[in-house]
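By convention in this document, chain letters (A, B, ...) are assigned in the order of the sequence lines, proteins followed by strands, and residues within each chain are numbered from 1. Since this is a predicted model, take the numbers as computed values, not measurements.
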Amino acid sequence: MALDVGSSGDWDGRWRHVQKFLERSGPFTHPDFEPSEETLQFLLETCKILVIGAGGLGCELLKNLALSGFRHIHVVDMDTIDVSNLNRQFLFRSKDVGHPKAEVAADFINSRVPGCHVVPHFKKIQEFDESFYRQFHIIVCGLDSIIARRWMNGMLLSLLVYDDGVLDPSSIIPLIDGGTEGFKGNARVILPGMTACIDCTLELYPPQINFPMCTIASMPRLPEHCIEYARILQWPKEKPFGDGVALDGDNPEHIHWVFQKSLERAAEFNIIGVTYRLTQGVVKRIIPAVASTNAVIAGTVPSRENTALFAYVPLNNYLVFNDVDGLYTYTFEAERKENCSACSQVPQKLQFPPSAKLQEVLEYLTENASLQMKSPAITATLEGKNKTLYLQTVASIEEKTRPNLCKTLKELGLADGQELAVADVTTPQTVLFKLNFTS
Amino acid sequence: MADHKTNKDQRYDRQLRLWGDHGQEALENAHVCLVNAAASGTEILKNLVLPGIGAFTIVDGHRVSGEDVGNKYLKLSCRTVLLNRAQATTELLQELNTDVSGNFVEENPDRLLDNDPEFFHRFSLVIAVQLEESTCLRLGSVLWNAAVPFLVCRTYGLVGYMRLVVREHTVVESHPDNALEDLRLDQPFPELTNHITSYDLDNMEKKDHSHTPWVIIVAKYLQKWCREHDFQLPRNYKEKEAFRQLLREGIRKNENGTPEEEENFDEAIKNVNTALNPSKIPTAVEDLFNAEQCENITSQSPAFWVMVRAVRDFVQAEGRGSLPVRGTIPDMIADSDKFISLQNVYRERALQDAAAVSRHVESHLQAVGKLPECISEQDIRLFCKNAAFLRVVHCRALVEEYGVDTVHKDEITSCMDNPDSEMVLYLMLRSVDCFYQQHSRYPGVYNYQVEDDIVRLKLCVHSLLQEYGLTVNVKDDYVHEFCRYGAAEPHTVAAFMGGAAAQEAIKLITHQFVPFNNTFIYNAMAQTSATFQL
């Protein structure tokens with residue numbers, strides 16, 4: 001029996017599974033849902049989806065979307081393929097190691113799913129601007145970094161249009177975000193400007209473990225402390241592979257060096273447990289991962305898209321999954337934060353006495369649980385001119401502005417009620433803060 | 001050879017961090033059978049092939065259809081339509097991991113059960129997907145008698161279903177998420193007491209005082225408390241608060257009388273509740289001690305039960321009512337020497353306890369005529385370390401779930417107090433199976449059938465409830481919804497179930513982490529799930 005491939009690239013029965021949901025009415029569908037053959041056409045011909053990340057979740061997402069009828073898909077990923085990806089990122093084979101994930105993934109889908117057209121972008125998400133993101137109906141994220149998620153979140157918030165203070169719904173691009181770690185995962189739907197955004201629920205993300213310096217430097221107790229000692233203190237001092245050569249977690253020679261040094265340190269303190277695997281895990285901050293969890297989480301995501309776009313009432317917006325003991329799912333509605341620094345449009349306040357040093361403001365921006373900035377750059381308008389008070393990300397400017405950290409806000413010429421503009425990797429737009437002097 | 005191993009280590013690195021090399025070995029020695037290469041089945045196998053299952057065999061008599069080509073992740077190309085489904089799927093799965101050995105049998109499972117039921121005895125696990133009820137029950141029976149674990153998986157419209165059938169599944173490494181520490185502060189063993197006594201907090205140098213592990217501090221102050229309280233530990237909130245105050249007062253003060261910063265004391269105060277957790281044997285473990293398999297050790301007894309018995313013997317003898325010491329302590333503020341020496345006290349005691357358990361193991365093995373080498377030292381130590389977390393799962397036979405006299409009526413009825421509970425989805429699945437029995441097809445597959453089938457399906461629901469004497473209300477909406485589904489297998493639901501089922505399969509094969517017991521329902525409409533014991 002040969003397949004009769006029609007002019008649309010389709011054959012009999014291809015979309016039968018999907019059609020039953022789009023063309024039949026049902027008791028649990030959204031009140032505005034109208035069954036129609038046109039919805040499938042919209043899916044196949046018009047709907048444009050952006051997938052961010054072509055890794056563990058990304059591969060599963062691309063497959064699910066392609067087999068659910070989505071044909072116009074873009075995928076962005078800045079990484080190349082590593083051997084350790086192959087246990088779950090199934091669009092890649094051994095021969096693809098070293099090649100860009102986005103490109104190999106797109107090739108695979110395009111060659112195996114007739115009619116599907118995936119456009120790859122071997123780039124960072126920050127390399128695109130609003131004009132790129134605006135073209136999509138839905139954006140789905142399978143990222144491995146909170147910073148990237150927050151940036152994406154900020155980008156979609158910046159696309160929102162308000163007419164006389166009222167949000168124009170056509171400017172909303174739904175963001176569906178998923179994440180996995182070992183046997184745990186979560187998926188959530190964000191309607192920017194309407195539902196809780198990433199920053200509204202920053203506290204949900206567990207803080208990264210960083211050992212205190214004094215422990216690492218003089219009182220190691222665990223094998224991890226020994227490894228961090230080699231990474232943070234010995235490497236910069238001994239420069240084993242040359243001046244200015246940074247530690248590359250993907251370079252086995254570098255890891256081996258760290259491993260040996262860690263063993264020596266551990267021996268000094270009678271600490272057991274330093275292994276090559278642990279060394280690599282600590283240096284690269286490796287998160288364990290398996291195919292099954294990614295499959296489960298990715299499986300919930302397109303359902304949510306179907307929900308958001310077509311049929312069912314989107315219920316609660318945040319799902320968590322854990323299959324360590326049996327299988328556990330929990331769905332709840334994450335609530336918007338009234339004064340969220342990303343989506344609330346409420347001006348952010350900084351309360352400090354004029355005698356406070358700029359250093360304290362910097363610490364607040366990075367340590368406050370709701371802000372969690374990484375390397376904020378602070379500027380203010382002084383005497384009519386835009387002045388950079390402190391910026392870390394460019395070495396020469398960092399050096400020049402470093403003395404400002406020890407100066408008080410008064411000494412820097414800042415006034416009560418002054419606006420400070422803060423830029424950071426966690427957001428594509430500057431965040432404005434109002435400085436209130438306390439006594 | 002060495003290269004291949006390193007390459008495998010690299011490839012599987014991210015999963016080895018979850019189940020270790022020994023878990024991986026179990027996976028690579030396993031042979032899984034998939035009955036029906038439908039989309040859900042393909043997804044399950046994909047998630048087993050990628051992590052390196054040893055071998056798989058697909059049993060399927062179907063030819064590839066247009067629907068299959070639209071639905072399966074493997075993106076069957078147009079050419080493969082000429083092949084049978086089992087072969088096509090096998091070839092495409094092999095591509096994912098050349099270390100895995102893939103086989104197929106182009107045969108209808110019913111026919112196989114007629115002619116060669118023992119075919120299924122060779123597998124570590126059999127997974128059946130989208131299988132008709134009658135065949136499923138037949139297969140279930142064969143596998144139960146052969147003690148082969150059986151995992152049933154279905155995707156029906158926006159509903160996912162899994163049923164695990166296994167006589168007895170033992171788990172040593174359950175890896176609990178929030179395990180309590182085993183510090184024994186309420187009943188310190190002699191070496192721990194000696195170690196604590198060697199500390200003289202009052203006369204220590206300042207630096208030593210603020211770098212003494214909180215465990216020592218709490219232990220010292222507990223000794224003081226007990227002397228003043230008739231050898232009773234702090235029992236209620238009031239007493240624990242008083243104890244915390246005692247600790248607070250232990251913080252050194254400077255010349256002005258203000259307390260110094262002693263983070264280790266802060267840690268001690270924060271950990272009072274943890275420290276005062278009674279070191280008692282969990283009920284789940286007590287149940288194992290009381291089990292028949294523990295009481296009667298024979299030459300057929302699996303290693304797990306021999307070790308349970310040995311630990312029970314230990315508890316009654318050397319352990320003086322307690323399990324073997326686990327041997328690990330959490331990190332805490334302290335200088336290296338003090339921490340390591342404290343850690344070693346626990347570690348050495350754990351080794352000693354494991355050696356005692358080992359002697360009990362040996363005597364039981366000898367008593368049934370087996371060599372002590374049957375159970376390795378390594379296994380015994382691992383067992384002792386996990387003694388508080390042992391789990392045994394029994395998932396009863398399908399015939400009992402389906403039996404009118406053995407159905408879990410109460411569970412079903414009480415869940416249905418909420419008529420929108422996931423239990424209604426289970427009842428609907430059973431009802432569509434009845435429908436299939438009567439009409440040799442599922443309801444609503446074609447548009448013209450939907451309206452009439454709603455009536456027919458409703459009759460099936462009624463007869464099912466009547467047969468089992470279930471006085472529950474199944475809303476019409478669900479009957480309508482299940483006709484709407486038309487037995488579709490949407491890819492996204494198949495993908496979800498593929499991930500869920502594969503992970504349960506891995507748990508069964510590696511004996512790590514705890515499998516569900518015994519029915520899992522996924523509602524893809526509401527994105528909720530539930531587990532029932534049926």
* chain B contact via A:Ser94 - side chain, backbone, both or neither, heavy atoms under 4.5 Å -> side chain
* Largest heavy-atom contact set with chain A, pairs under 4.5 Å, which of B:Ile333, B:Ile506, B:Asn517 -> B:Ile333
* Heavy-atom closest pair, residues B:Ala495 and A:Asn64 -> CB-OD1, 3.7 Å
* Structure fact -> B:Gly499 and A:Ala295 have their tightest heavy-atom pair at CA-CB, 3.8 Å
* Asked: Between the side chains of B:Gln503 and A:Asp323, is a donor N or O closer than 3.5 angstrom to an acceptor N or O?
  -> no
* **Which atoms of B:Lys475 approach chain A - backbone, side chain, both or neither, heavy atom under 4.5 Å** => neither
* To do: Side chain from CB out, backbone as N, CA, C, O: work out which of these in B:Thr531 comes under 4.5 Å of a heavy atom of chain A, or both, or neither.
  => side chain
* Does any heavy atom of chain A fall under 4.5 Å from the side chain of B:Val445, the backbone, both, or neither of them? -> both
* **Region of B:Tyr446 in contact with chain A, defined by heavy-atom distances below 4.5 Å** => backbone
* Below 4.5 Å from any heavy atom of chain A, which atoms of B:Glu504 appear? Answer side chain, backbone, both or neither. => side chain
* Structure fact -> Whatever's closer than 4.5 Å to a heavy atom in chain A on B:Leu164 counts as neither
* **Sub-4.5 Å side-chain heavy-atom contact between B:Phe496 and A:Thr300** => yes
* **Qualifying residue, where the test is side chain to side chain contact (heavy atoms under 4.5 Å, CB included) with B:Arg17 and the options are A:Ile287, A:Ile286, A:Val290** => A:Ile286
* Asked: Is chain A contacted by the side chain of B:Met497, its backbone, both, or neither, given a heavy-atom distance below 4.5 Å?
  -> neither
* To do: Give, for atom OG of A:Ser84 and atom CD of B:Gln15, the distance between the pair rounded to the nearest 0.5 Å.
  => 10.5 Å
* **Heavy-atom check, side chain of A:Ile271 versus side chain of B:Ile340, under 4.5 Å** => yes
* Among B:Arg391, B:Met162, B:Lys338, who wins on heavy-atom pairs under 4.5 Å with chain A? -> B:Arg391
* Asked: Which answer fits B:Ala501, side chain, backbone, both or neither, if we ask what part of it has an atom under 4.5 Å from a heavy atom of chain A?
  -> neither
* **Shortest non-hydrogen separation from B:Gln10 to A:Val83 and the atoms involved** => CB-CG1, 3.8 Å
* To do: Identify which part of B:Asp13 has an atom lying under 4.5 Å from any heavy atom of chain A, answering side chain, backbone, both or neither.
  => side chain
* To do: Tell me, for B:Asn447 versus chain A, whether the close heavy atoms (under 4.5 Å) come from the side chain, the backbone, both or neither.
  => both
* Option in B:His175, B:Lys507, B:Gln512 with maximal non-hydrogen atom pairs under 4.5 Å from chain A -> B:Lys507
* Structure fact -> Nearest heavy-atom approach of B:Ser529 to A:Thr329 is OG-OG1, 2.6 Å
* Asked: Among A:Asn294, A:Thr293, A:Leu86, which residue forms the greatest number of heavy-atom pairs with chain B at distances under 4.5 Å?
  -> A:Leu86
* **chain B contact via A:Arg93 - which portion, at a heavy-atom distance below 4.5 Å** => side chain
* Give, as side chain, backbone, both or neither, the part of A:Glu60 having an atom under 4.5 angstrom from any heavy atom of chain B. => side chain
* Structure fact -> What one should report as the nearest heavy-atom pair of A:Val296 and B:Ala500 is CG2-N, 3.4 Å
* Look at the side chain of B:Ser336 and the backbone N and O of A:Phe269, then say whether any donor-acceptor pair between them is shorter than 3.5 Å. => no
* Asked: Hey, what's the ring geometry for A:Phe183 with B:Trp19, parallel, tilted or perpendicular (30° and 60° as the breaks)?
  -> parallel
* **Nearest heavy atoms of A:Arg221 and B:Asp331, plus distance in Å** => NE-OD1, 2.6 Å
